[in-house]
Asks: 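My structure is below; once you've seen it, I'll send some questions.
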Amino acid sequence: MFSGGYLGKILRINLSTRECRVERLEENEVIKFLGGRGLAARRYYEEIGPEVDPLDPTNKVILMTGPLTGVRLPSTTKVSLSTKSPETGIYLCSNSGGDFGPQLKFCGFDGLIIEGRADDWTYLRIEDDQVIFGDARPWQGWGTSETREALKEAIGDRRAAALAIGPAAERLVRFACINVDTRAFGRGGAGAVLASKRLKGIVVLGSGTIPLANPERVREIRQAAMEDLRQSR
């Protein structure tokens, strides 16, 4: 059992069937494949074969956090994304800051895997362990900023984190981004992959906490880091 950093759960959402399931993240997996990038790369290797077209429903969007994501330390907001790139036709690794990674962990999940293709434009609302499929048809053609605002209004809490795609992705532009709060998964065309699944955006809000193996040591590291930041301004 994890003593800190990880929750031990991955959320898998199939847009074709609207089914959700929670899978275990094993301790030996996080030891072998350190951090969100390693975990996402491993899932890519296991689940996305060389015959998969980047814009086919069999491609997947794999989002994974690391052990420090969401922990109260400086610069611990990163989440890693893996998919097959429409731009290159091979493995894509991208990462983003913002609040999406921390909020996903506050929901109790170390990772999120999106697969399949929705019948029509859809958004996902994840609040703790509840997943709601929403109608995103009215948002078609919207830019990422207004879509993220609409996603936060849908969940009714400004603390929520949202990622979204814009018109370029909807048109399957092969280098289109996914915007995450005011950041982005900015390379390889992950936005087009999300659009090929007819997924306009995802909003997440969690109320949980992240376990710490040594809370006192985390507090000491945070204080030292903050002091370094103050002195280097």
Asks: I'd like to check the salt bridge (charged side-chain N to carboxylate O under 4.0 Å, His left out) partners of D129; sequence neighbours left out, ordered by chain and number.
Replies: none
Asks: Rounded to the nearest 0.5 Å, how far does CG of D135 lie from OG1 of T122?
Replies: 7.0 Å
Asks: Please report the shortest heavy-atom distance between N14 and G116, naming the atom on each side.
Replies: OD1-CA, 4.2 Å
Asks: Please walk me through it: do E227 and Q231 pass side chain to side chain donor-acceptor pair (under 3.5 Å)?
Replies: CA-CA 6 Å; E227 183 60 30; Q231 291 180 5; 2.9 Å; yes
Asks: Return the orientation label for the Y123 and W139 ring planes: parallel under 30°, perpendicular over 60°, tilted otherwise.
Replies: parallel
Asks: Is it the case that atom CZ in R159 sees more than 12 heavy atoms from other parts of the structure closer than 6.0 Å?
Replies: no
Asks: Kindly compute the distance separating CD1 (I132) from CD (E127), expressed to the nearest 0.5 Å.
Replies: 7.0 Å
Asks: Look at the side chain of D110 and the backbone N and O of G8, then say whether any donor-acceptor pair between them is shorter than 3.5 Å.
Replies: yes
Asks: Decide, yes or no, whether a salt bridge links E149 with R158 under the criterion of side-chain N to carboxylate O below 4.0 Å.
Replies: yes
Asks: Can you name the nearest heavy-atom pair linking T76 to V71, along with the distance?
Replies: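 Smallest heavy-atom distance, with atoms named: OG1-O, 2.7 Å.
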Asks: Check for a donor-acceptor pair, side chain of T17 on one end and backbone N or O of L15 on the other, with a separation under 3.5 Å.
Replies: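 Side chain of T17 to backbone of L15: no pair is present.
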Asks: Between E29 and R43, does at least one N-O distance fall below 4.0 Å, as a salt bridge requires?
Replies: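 The answer is yes: the pair qualifies as a salt bridge.
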Asks: Within the distance-only criterion (no hydrogens, no angle test), does the side chain of K105 pair as donor or acceptor with the backbone N or O of G66 below 3.5 angstrom?
Replies: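 Between the backbone of G66 and the side chain of K105 there is a qualifying donor-acceptor contact (under 3.5 Å).
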Asks: For F185, check ring pair (Phe, Tyr, Trp, His ring centres under 6.0 Å) against everything at least two apart and list the hits.
Replies: none
Asks: Check side chain to side chain donor-acceptor pair (under 3.5 Å) between Q130 and all other residues, then give those that pass, not counting sequence neighbours.
Replies: none
Asks: Quick one: does R198's side chain have a donor or acceptor within less than 3.5 Å of a partner on R117's backbone?
Replies: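 Absent.
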Asks: Identify the residue among D181, V180, I178 that makes a side-chain contact (heavy atoms from CB on, under 4.5 Å) with S96.
Replies: V180
Asks: How many angstroms lie between NZ in K60 and OG1 in T83, if you round to the nearest 0.5 Å?
Replies: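 Answer for the NZ-OG1 pair, K60 versus T83, is 10.5 Å.
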Asks: Spell out, as yes or no, whether a donor-acceptor pair under 3.5 Å connects the side chain of N59 to the backbone of K84.
Replies: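 Side chain of N59 to backbone of K84: a pair is present.
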Asks: Can you check whether S207's main-chain N or O pairs, donor with acceptor, with D128's side chain at less than 3.5 Å?
Replies: yes
Asks: Can you see which heavy atom on W142 is nearest to which on K200, and at what distance?
Replies: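 Answer, listing the atom of W142 first, then K200: O-NZ, 2.9 Å.
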Asks: Do R222 side-chain atoms and R72 backbone N/O form a donor-acceptor pair below 3.5 Å?
Replies: yes
Asks: Should the pair E19-R21 be classified as a salt bridge under the 4.0 Å nitrogen-to-oxygen rule?
Replies: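 Salt bridge: no.
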